[in-house]
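Please read the structure below before turning to the comments.
In the text below, chain A, chain B and the rest are named by the order of the sequence lines, each starting its count at 1.
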Amino acid sequence: MSEAPIIEIRGLRKVYRVGQVDVEALRGVDLDVGRGEFLAIVGPSGSGKSTLFHIVGGLTPATSGVVRLSGQDVGALSDAGRTRLRKTTVSFVFQKFNLLPNLTAGDNIALARFLSGKNHVQDPDEAARFQEVLKLLGIAHRLDHRPSELSGGEQQRVAIARAIVNHPAILLADEPTGNLDSVNSRAVLEILGGLNERLGQTILMITHNPDAAAFAHRIVHMRDGQIVPEPPAP
Amino acid sequence: MTFKLILENLRHRPLRTLLSVLLIAIPVTLILTLVGLSQGMLEDSARRSRGVGADILVRPPNSSVMNFSAATMPQNLVKWFQQQPHVTVAVGTAIALVSGITSVSGVDLEEFSKLSGGFRFIERGPFKGPDEILIDDYYARQKKVHVGDYIVVLNHKWRVAGIFESGKLSHIVVPLSVLQNLQGNTRKVSQVYLKLDDPANTDAVIASLKKVLPEYQIYSMQDILTQFSVENLPGLREFINVMVGIAIVIAFAVVCLSMYMAVLQRTREIGILKSLGASRGYMLELIVAEAFVMGLCGTVAGILLSFLARWLILTLVPASLQQAIAYDWWPKAGLIALFASLLGALYPGFRAARQDPIEALAYE
């Protein structure tokens with residue numbers, strides 16, 4: 001990989017204080033993710049993959065270690081800097097979709113654009129491209145509906161549209177198929193794969209499901225807060 | 001987009017929104033009703049004083065322009081006033097408080113006619129006997145009384161002899177001598193109205209009277225009319241200030257509680273917004289703006305409710321309280337509600353701003 005990695009993680013540690021006890025969620029993680037790569041992080045519950053997801057997304061600071069996104073040291077960022085990072089560089093797709101229930105699907109997407117400050121930018125080419133994406137996601141006709149009126153698969157596709165509307169450098173997906181049936185799971189994973197292939201979208205997906213991970217270019221395994229070699233097949 | 005988000009949030013929990021708006025509206029209504037009542041009563045008093053047609057009012061020592069005073073002035077004084085330079089007519093009247101702030105005036109109709117041209121009767125005419133009473137159209141309408149009906153005033157049964165157009169003295173008028181006897185103040189009056197040959201002589205006559213009667217309260221009617229203001233009613237300004245303070249506390253508490261509940265209920269949504277890049281400042285702005293909208297709606301609802309309060313007062317307490325629509329207080333009451341709403345939104349707003357996004361996203 002000649003190009004510098006878009007995600008560069010070195011010696012990442014995270015210790016949570018739970019009551020009087022320190023819980024070490026990450027114990028020195030080193031990881032590089034190339035630009036345009038679709039990486040899956042697989043591991044059981046408590047392996048630290050969600051913590052890694054949150055730190056890379058700038059939702060929480062690390063205890064020690066370095067996370068660089070496009071060369072930018074996330075650890076050096078203030079709260080405002082991490083907020084800016086979430087507006088411009090990373091975006092999220094969650095297991096529980098996390099759409100705002102009071103807004104329609106279209107407004108949920110528009111909100112992300114508004115918060116990024118790009119809502120007033122009128123680029124016809126970009127608008128046309130995004131319409132293409134909406135067609136690809138199969139939700140163009142469902143934008144006037146509220147989340148409660150959409151199926152799980154549709155909600156997740158809206159969440160994906162919301163995540164990519166600002167063209168983030170990195171799309172972080174946390175168990176994106178965890179709440180979906182197998183048909184919708186496959187559809188969502190194919191969409192993520194399609195975005196990666198067509199738009200060159202860098203995707204870091206965490207999952208405990210090996211079938212979902214199989215859609216990625218590369219799979220990294222985590223256990224007890226560390227990256228471990230691929231476990232032997234049962 | 002922010003406004004849409006706020007609107008949808010308010011619409012999503014209609015009961016919370018409705019109750020909050022109503023609770024903000026109540027102090028607004030209280031303020032507007034109180035001020036409206038003050039202004040209404042003062043305007044009514046001023047109008048009736050103006051209608052008398054006098055230039056000078058003389059009241060007994062230790063009285064004040066805004067208070068009812070018992071008949072303590074010797075009636076002989078009226079004759080003496082009549083003999084003073086520039087005084088063309090002097091008329092003494094007695095006043096008795098009926099209930100609340102409704103008063104009855106004891107008047108010698110013949111003398112009073114010289115002063116003001118007399119009452120303009122809408123139904124029938126002046127009283128002819130001692131047990132007859134005159135009421136104005138306002139009182140008649142509110143009490144649903146007609147000529148020939150009997151009413152009890154001051155524990156005395158009166159026959160309504162006539163209904164006059166309101167705007168002079170009190171809403172109820174009885175013969176002066178009868179009121180004096182009822183009050184046990186024979187040959188005493190509460191106040192004396194003086195009409196001069198030329199209103200330009202008012203100051204000179206007052207100065208001359210004050211030399212002879214230094215303890216008496218002597219006012220030009222022009223001064224009296226200017227004194228019919230909130231500032232000159234003892235304790236009223238302070239009372240209004242207290243009400244404003246209470247209004248601020250109520251609106252603050254309501255908004256603080258409501259928005260705090262909203263922040264708790266929307267914990268996950270706060271996490272979502274933060275994951276999308278909403279800053280702390282934006283979260284604060286969102287909560288404060290929602291409170292602002294509720295404050296605005298509360299103000300409008302409060303203004304509408306003040307009309308309802310006016311109707312209720314007219315219906316439940318007829319012929320007594322007069323409530324004006326205090327248009328000049330609409331913006332003031334609105335600012336009070338908005339100020340309290342914004343103040344109440346600050347703590348919930350800061351809480352939302354400080355909310356940890358991961359904890360918020362994990363909230364069920």
Side-chain angles (χ1 to χ4, degrees), chain A residues 14 16 25 50-55 57-61 78-104 106-120 146-148 158-159 162-166 168 172-174, chain B residues 1-18 20 258-259 261-291 293-294 349-364:
Chain A
K14 177 70 180 181
Y16 286 112
S50 288
T51 303
L52 180 65
F53 175 89
H54 291 145
I55 293 173
L59 290 172
T60 189
S78 61
D79 184 71
R82 289 201 299 274
T83 298
R84 219 166 20 251
L85 179 85
R86 295 196 293 271
K87 279 184 190 177
T88 58
T89 311
V90 297
S91 63
F92 304 91
V93 173
F94 298 97
Q95 178 180 354
K96 291 181 179 173
F97 323 132
N98 281 342
L99 299 174
L100 288 175
N102 305 344
L103 298 182
T104 62
D107 285 338
N108 264 282
I109 298 167
L111 179 66
R113 190 126 180 99
F114 168 78
L115 288 173
S116 74
K118 293 178 182 170
N119 56 317
H120 55 277
R146 288 175 197 276
S148 58
V158 172
R162 181 182 66 181
I164 61 170
V165 69
N166 293 321
L172 301 173
D174 181 5
Chain B
M1 194 70 221
T2 302
F3 184 70
K4 190 166 202 173
L5 196 55
I6 290 166
L7 206 65
E8 292 301 332
N9 282 338
L10 290 173
R11 280 177 50 186
H12 191 64
R13 293 191 171 84
L15 189 64
R16 181 187 74 89
T17 304
L18 195 71
S20 302
S258 172
M259 294 313 296
M261 289 297 293
V263 167
L264 287 183
Q265 285 173 334
R266 290 189 212 141
T267 301
R268 193 178 183 86
E269 290 163 47
I270 290 166
I272 296 169
L273 286 167
K274 289 203 159 190
S275 76
L276 292 173
S279 64
R280 289 183 176 202
Y282 181 74
M283 294 311 306
L284 180 62
E285 180 192 325
L286 202 61
I287 300 297
V288 168
E290 187 170 326
V293 172
M294 283 205 299
F350 280 119
R351 191 185 159 93
R354 286 199 309 265
Q355 183 77 54
D356 180 76
I358 297 176
E359 281 179 19
L361 285 167
Y363 188 83
E364 294 294 339

Top contributor to chain B interface from Asn98(A), Asp107(A), Leu103(A), Val90(A) [non-hydrogen pairs under 4.5 Å]: Asn98(A)

Chain B contacts, top residue of Thr88(A), Asn166(A), Thr60(A), Leu85(A) (heavy-atom pairs, under 4.5 Å): Thr60(A)

Arg16(B) atom CZ, over 12 foreign heavy atoms within 6.0 Å: yes

Full working for side-chain contact (heavy atoms from CB on, under 4.5 Å) between Asp356(B) and Leu59(A): CA-CA 8 Å; Asp356(B) 180 76; Leu59(A) 290 172; over 6 Å; no

Nearest heavy-atom neighbours spanning [X] and [Y]:
X: Arg162(A); Y: Ile272(B); answer: NH1-CG2, 3.6 Å
X: Ser279(B); Y: Thr83(A); answer: CA-CG2, 3.6 Å
X: Met1(B); Y: Leu111(A); answer: CG-CD1, 3.8 Å

With Phe97(A) via ring pair (Phe, Tyr, Trp, His ring centres under 6.0 Å) - residues at least two apart: none

Interface moiety of Leu7(B) toward chain A, non-hydrogen atoms closer than 4.5 Å: neither

Exam field: side chain Arg86(A) to backbone Lys274(B), donor-acceptor pair closer than 3.5 Å: yes

Which atoms of Leu99(A) approach chain B - backbone, side chain, both or neither, heavy atom under 4.5 Å: backbone

Contact origin within Ser91(A) toward chain B - heavy atom pairs under 4.5 Å: neither

Leu361(B) side chain near Phe92(A) side chain, heavy-atom distance below 4.5 Å: no

Separation of Leu115(A) CG from Leu5(B) CG (nearest 0.5 Å): 8.5 Å

Reported NE2-to-OG distance for the pair His54(A) and Ser275(B), which is rounded to 0.5 angstrom: 9.5 Å

Derivation and outcome, side-chain contact (heavy atoms from CB on, under 4.5 Å), residues His12(B) and Arg146(A): CA-CA 12 Å; His12(B) 191 64; Arg146(A) 288 175 197 276; over 6 Å; no

Residue pair Asn102(A) / Arg11(B), side-chain donor-acceptor N/O under 3.5 Å: no

Listed partners of Arg280(B) passing salt bridge (Lys or Arg N to Asp or Glu O under 4.0 Å), at least two apart: Asp79(A)

